[in-house]
*Asks:* 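Encoded as structure tokens, here's the structure I'll be asking about.
As the structure lists them, so they are numbered: ligands from 1, and atoms in each ligand from 1.
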Amino acid sequence: MLQQVLPPGYFGMSDEETYPRIQAARKRLGSRLMILGHHYQRDEVIQFADLTGDSFGLSRDAAANRDANYIVFCGVHFMAESADILTRDEQVVILPDLEAGCSMADMADLDQVEDAWDEISEVYAGGASSGGETVMPITYINSAANLKAFVGEHGGAVCTSSNAAPIIRWALTQRERLLFFPDQHLGRNTAVKMGIPLDQMIVWDPRRPPGEYGGNTREAVERAKIILWRGHCQVHQRFLPEHVRSFREKFPGINIIVHPECSYEVVQMADHVGSTASILKTINQAPAGTSWAVGTEIHLVDRIRRANPDKFVSSLVPGVCLCSTMNRIDPQHLLWVLENLEKDRIVNQVRVPEPVASRAREALDRMLAIS
Ligand code: 13P
Ligand code: SF4
């Protein structure tokens, strides 16, 4: 879908001017509208969400709502695509700003994954399990719909940061090995936690030319149990071991809690690791007087801090650690799409075409069934 540009009347409007109009539009649209908000959204936007959550919770919420005509997704593109795939054909999913993408999701495209798949399959073709697929593709939900379709077609599943362990466990009961994309860190951190040694994992660099096995030797590919795609989150890679050490030195007894998109070293040093929903719940439920340094996006960290004045809560990285694409959704775009809906005009719809949608749905449905 082509991005429509915010018209002049909305551009330059102050946040405060938008609030009463957003409220009024929501009220008039009533149950025809559902607004979903990811935890990384700014407060100015999340205050209008009917439901907030992590990427798993929001995909479940989208799938569960069979009634709303319009689902306005305040998040990023892959989340809106997943919602479109999981909702009825008649339900319209809108991303207020279509430029709200995810740089990690962009680190794997279909051509690259198909090339890697062919090369990897050729290595195992003569192995014990030849004649059937021996590798299970698993994609993090942070990926384009056509990659979810690829995974669905090959019998695999989607995972999120909150269900990666059960999905990987299931996958290894079905096949001998995994190809996990696009986030190497979520794959590695989850597999290590499940007891799979690091020396059974390799990293596949999609930028290496065919024949170079993603930067590995053929023997290393033959031995690998988990093949991790060389992708990462630009926000979470900013959290470093020295930040953990510095907090521990300055605040003895502090709890370090991080998202599993952080590096292996940081995750190993942390006291708690979990999805955005799990980080939120863990700190909200912690006893008063406890201290927390949090390795995830700053809007969520700030919101947790304000909701817990009886605790010390800080970002693990000094300064702003912002997901710039999540931040593209602002009250002006939200107001614009809502006021258009009131006039039965749909702007910035996210629609996944067939047959991609059906194939991707297989991979998403497997995730929902396993989780
Ligand atoms: P959650 O699944 O924890 O919401 O994370 C989504 C995401 O994009 C984290 O960077
Ligand atoms: Fe993508 Fe990272 Fe932003 Fe999450 S925080 S949406 S993984 S860029």
Side-chain angles (χ1 to χ4, degrees), residues 36-42 45-46 49 51-62 73-83 95-109 138-144 147-148 157-167 180-187 189-190 229-239 257-263 266-267 270 272-283 294-304 315-317 320-329 350 364 367-368 371:
L36 298 177
H38 186 266
H39 290 311
Y40 290 164
Q41 290 292 298
R42 31 169 127 176
V45 169
I46 205 114
L51 296 171
T52 62
D54 64 3
S55 44
F56 177 66
L58 293 175
S59 37
R60 235 184 4 198
D61 293 337
F73 210 120
C74 297
V76 286
H77 197 265
F78 72 80
M79 297 180 180
E81 276 189 333
S82 300
L95 183 63
D97 184 340
L98 289 180
E99 303 264 310
C102 164
S103 52
M104 175 208 282
D106 293 340
M107 289 178 191
D109 69 32
I138 299 293
T139 185
Y140 190 19
I141 196 165
N142 299 37
S143 57
L147 290 181
K148 295 185 177 82
V158 173
C159 76
T160 74
S161 57
S162 60
N163 60 23
I167 301 288
F180 188 99
F181 49 86
D183 185 22
Q184 59 172 302
H185 300 293
L186 177 65
N189 290 325
T190 310
W229 196 259
R230 188 167 178 171
H232 63 268
C233 166
Q234 285 168 348
V235 177
H236 290 91
Q237 75 165 8
R238 293 191 52 201
F239 301 104
I257 186 164
V258 301
H259 196 276
E261 289 175 12
C262 292
S263 71
V266 167
V267 164
H272 306 262
V273 183
S275 76
T276 54
S278 151
I279 291 173
L280 184 71
K281 190 170 163 202
T282 305
I283 303 180
V294 190
T296 198
E297 207 268 351
I298 194 70
H299 286 110
L300 176 58
V301 180
D302 282 344
R303 192 170 306 123
I304 296 174
S315 169
L316 186 54
V317 164
V320 176
C321 205
L322 178 97
C323 175
S324 55
T325 47
M326 283 276 182
N327 202 42
R328 292 191 73 99
I329 310 293
V350 172
L364 281 161
M367 170 186 85
L368 293 172
S371 306

*Asks:* Any heavy atom of M326 sitting closer than 4.0 Å to ligand 1?
*Replies:*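 The answer is no: ligand 1 sits nowhere under 4.0 Å from a heavy atom of M326.
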*Asks:* How long is the span from the CE atom in M107 to the NE2 atom in H232, to the nearest 0.5 Å?
*Replies:*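 The distance works out to 3.5 Å.
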*Asks:* Where's the contact between F56 and ligand 1, heavy-atom distance under 4.0 Å: side chain, backbone, both or neither?
*Replies:* neither
*Asks:* In this structure, does ligand 1 have an atom that sits under 4.0 Å from one of the heavy atoms of S161?
*Replies:* yes
*Asks:* Nearest 0.5 Å please: distance from the CZ atom of R238 over to the OG atom of S263.
*Replies:* 14.0 Å
*Asks:* Provide the number and element of each atom of ligand 2 under 4.0 Å from a heavy atom of N142.
*Replies:*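 Going through ligand 2 atom by atom, the ones under 4.0 Å from N142 are 7 (S).
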*Asks:* Does ligand 1 have any atom sitting under 4.0 Å from a heavy atom of N142?
*Replies:*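 Yes, N142 has a heavy atom closer than 4.0 Å to ligand 1.
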*Asks:* Please report which non-hydrogen protein atom sits nearest to atom 3 (Fe) of ligand 2, along with the residue it belongs to and the distance in Å to one decimal place.
*Replies:* C323 SG, 2.4 Å
*Asks:* For the pair E261 (side chain) and C233 (backbone), establish whether a donor and an acceptor sit closer than 3.5 Å, ignoring hydrogens and angles.
*Replies:* no
*Asks:* Can you tell which of S59, C159, C102, S162 makes a side-chain contact (heavy atoms from CB on, under 4.5 Å) with I141?
*Replies:* S59
*Asks:* OG/S324 to CD/Q234 distance, rounded to the nearest 0.5 angstrom?
*Replies:* 7.5 Å
*Asks:* For ligand 1, which atoms sit closer than 4.0 Å to a heavy atom of S55?
*Replies:* 1 (P), 2 (O), 4 (O), 6 (C)
*Asks:* Under 4.0 Å from a heavy atom of Y40: give me the atoms of ligand 1 that qualify, with their elements.
*Replies:* 7 (C), 9 (C), 10 (O)
*Asks:* Under 4.0 Å from ligand 2, counting heavy atoms only, is it the side chain of Q234, its backbone, both or neither?
*Replies:*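 Answer for Q234: neither.
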*Asks:* Check contact between E297 and ligand 2, using heavy atoms of the residue and a distance below 4.0 angstrom.
*Replies:* no
*Asks:* Among all protein non-hydrogen atoms, which one is nearest to atom 4 (O) of ligand 1, and what is the separation to 0.1 Å?
*Replies:*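 Result: H38 NE2, 2.6 Å.
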*Asks:* Got a donor-acceptor contact below 3.5 angstrom from the D54 side chain to the S275 backbone?
*Replies:* no
*Asks:* Give yes or no for whether the N/O distance cutoff of 3.5 Å, strictly under, is met between S275 and ligand 1.
*Replies:* no
*Asks:* So is H236 close enough to ligand 1, meaning a heavy atom under 4.0 angstrom away?
*Replies:*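 Within the 4.0 Å threshold, so yes.
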*Asks:* Need the ligand 1 atom indices (1-based, order shown) with element for anything under 4.0 Å from a heavy-atom of E261.
*Replies:* 7 (C), 8 (O), 9 (C), 10 (O)
*Asks:* Just jot down the ligand 1 atoms closer than 4.0 angstrom to any heavy atom of H259, in number order.
*Replies:* 1 (P), 3 (O), 5 (O), 9 (C)
*Asks:* Using modelled atom types and a 3.5 Å cut-off, is there a donor and acceptor pairing between side-chain atoms of R303 and backbone atoms of Q41?
*Replies:*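 Such a contact is found between R303 side chain and Q41 backbone.
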*Asks:* Regarding atom 1 (Fe) of ligand 2: of the candidates C233, G75, S103, C102, which has the closest heavy atom?
*Replies:* C102
